[in-house]
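Following: one structure in structure tokens, then a few remarks.
This is a predicted model, so every value here is computed, not measured.
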Amino acid sequence: MKRPRSTAVAAAGAATGVVAAWIKALSEPRLQQVTERLWPPKPEQKEMVGADPAGHPDNAPPALIVDSVTRAVAHRPATRDERVKGTLVIHYVFGAGLGAAYALLTQHRPEIARGAGSLVGAALYVLTHGTALPIQGLQEPPWRLPASAVAWEFSSHVVFGVALELLRRAAVEPISHR
């Protein structure tokens with residue numbers, strides 16, 4: 001079987017990444033509600049970066065990046081609206097990039113897709129919220145966040161991984177069989 005052109009796979013993967021990011025975003029409010037019922041956070045915990053996207057959408061790690069860039073470029077803090085819109089841009093660009101990389105990688109290493117993408121979603125949480133964001137000082141490490149925030153964020157990354165894999169199967173595999 002002939003391997004599909006990398007550009008077609010990457011483009012289809014980027015598209016699936018955007019849709020998977022949208023599905024992740026749709027899942028987050030309900031996941032936050034459920035986990036906060038199970039492990040109610042204290043009011044001060046909901047003020048932590050990334051802990052309360054429903055109540056504080058402008059207080060997420062990407063919003064801090066938007067604010068930092070705005071301060072460096074425009075020499076002023078980002079407005080709330082700029083932080084929220086910038087968060088969406090970062091969220092979907094990141095999703096597109098991950099989707100493209102995932103589609104290309106699974107062409108050569110299909111075992112990456114084991115667990116219907118759930119393992120990729122879990123690994124993504126560990127690499128971002130569990131490692132990179134705390135190292136960069138953009139968010140507290142998971143053990144300092146409220147349990148509800150860790151649970152819904154982890155779960156939404158698993159949702160992203162599963163959506164990414166199912167969409168990849170639908171969008172990329174047909175390219176592979178041309």
Side-chain angles (χ1 to χ4, degrees), residues 14 16-99 101-102 115-167:
T16 63
V18 169
V19 176
W22 176 69
I23 292 169
K24 176 186 182 293
L26 288 177
S27 76
E28 288 178 343
R30 185 70 178 132
L31 290 169
Q32 184 181 354
Q33 290 171 353
V34 168
T35 60
E36 285 184 357
R37 269 192 237 119
L38 293 171
W39 302 285
K42 296 175 184 168
E44 63 272 13
Q45 290 178 310
K46 288 185 70 105
E47 300 297 322
M48 297 175 78
V49 172
D52 183 19
H56 302 289
D58 61 324
N59 190 28
L64 298 181
I65 294 168
V66 170
D67 186 60
S68 178
V69 170
T70 303
R71 287 174 188 273
V73 173
H75 308 290
R76 62 167 178 79
T79 66
R80 183 180 195 280
D81 190 51
E82 289 169 336
R83 290 165 71 117
V84 171
K85 287 180 181 174
T87 294
L88 292 174
V89 170
I90 291 170
H91 179 77
Y92 288 108
V93 168
F94 197 63
L98 286 170
Y102 181 73
S118 61
L119 300 176
V120 167
L124 181 58
Y125 173 83
V126 169
L127 292 172
T128 56
H129 294 273
T131 307
L133 295 174
I135 286 172
Q136 294 174 31
L138 293 171
Q139 188 173 32
E140 292 291 335
W143 57 89
R144 291 196 183 136
L145 292 169
S148 58
V150 174
W152 71 255
E153 189 73 70
F154 178 84
S155 299
S156 75
H157 280 78
V158 172
V159 166
F160 173 81
V162 171
L164 186 62
E165 172 54 19
L166 296 177
L167 291 163

Side-chain (Thr87) to main-chain (Ala63) donor-acceptor, under 3.5 angstrom: yes
Flag side-chain contact, heavy atom, 4.5 Å: Tyr102 against Glu165: yes
Tyr125 OH to Leu133 CG distance, which is reported to the nearest 0.5 Å: 9.5 Å
Nearest-0.5 Å distance, CG of residue Leu26 to CD of residue Glu28: 9.5 Å
Taking every non-hydrogen atom, the tightest pair across Pro53 and Trp152: CD-CZ2, 3.2 Å
Whether Ser68 side chain and Leu64 backbone form a donor-acceptor pair below 3.5 Å: no
Gln139/Leu145 under side-chain contact (heavy atoms from CB on, under 4.5 Å): CA gap, chis, key distance, verdict: CA-CA 9 Å; Gln139 188 173 32; Leu145 292 169; 3.9 Å; yes
Residue pair Leu167, Ile23: steps toward the side-chain contact (heavy atoms from CB on, under 4.5 Å) verdict: CA-CA 11 Å; Leu167 291 163; Ile23 292 169; 4.3 Å; yes
Rounded distance (nearest 0.5 Å) linking atom CZ of Arg37 with atom OG of Ser148: 12.0 Å
Heavy-atom side-chain proximity of Phe154 to Pro142 below 4.5 angstrom: no
Pair His157-Thr128, side-chain contact (heavy atoms from CB on, under 4.5 Å): steps then yes or no: CA-CA 10 Å; His157 280 78; Thr128 56; 3.9 Å; yes
Pairwise side-chain contact, Val150 with Trp143, heavy-atom cut-off 4.5 Å (strictly under): no
Ion pair Lys24/Glu153, N-O distance below 4.0 Å: yes
Other residues, nucleotides, ligands: >12 heavy atoms within 6.0 Å of Lys46 NZ: yes
Under 3.5 Å: donor-acceptor pair, side chain of Thr16, backbone of Leu164: no
Flag side-chain contact, heavy atom, 4.5 Å: His91 against Pro62: no
Asp58 side chain to Val84 backbone, donor-acceptor under 3.5 Å: no
Closest heavy-atom pair and its distance - Ala21, Gly95: CB-CA, 4.3 Å
Any Phe94 side-chain heavy atom under 4.5 Å of Leu124 side chain: yes
4.5 Å side-chain heavy-atom contact, Arg76 and Thr70: yes
Worked verdict on Asp52 versus Asn59 for side-chain contact (heavy atoms from CB on, under 4.5 Å): CA-CA 8 Å; Asp52 183 19; Asn59 190 28; over 6 Å; no
Atom of Pro146, atom of Pro41 and distance for their closest heavy-atom approach: CB-CB, 3.9 Å
Donor-acceptor pair between Glu36 and Gln32 side chains, under 3.5 angstrom: yes
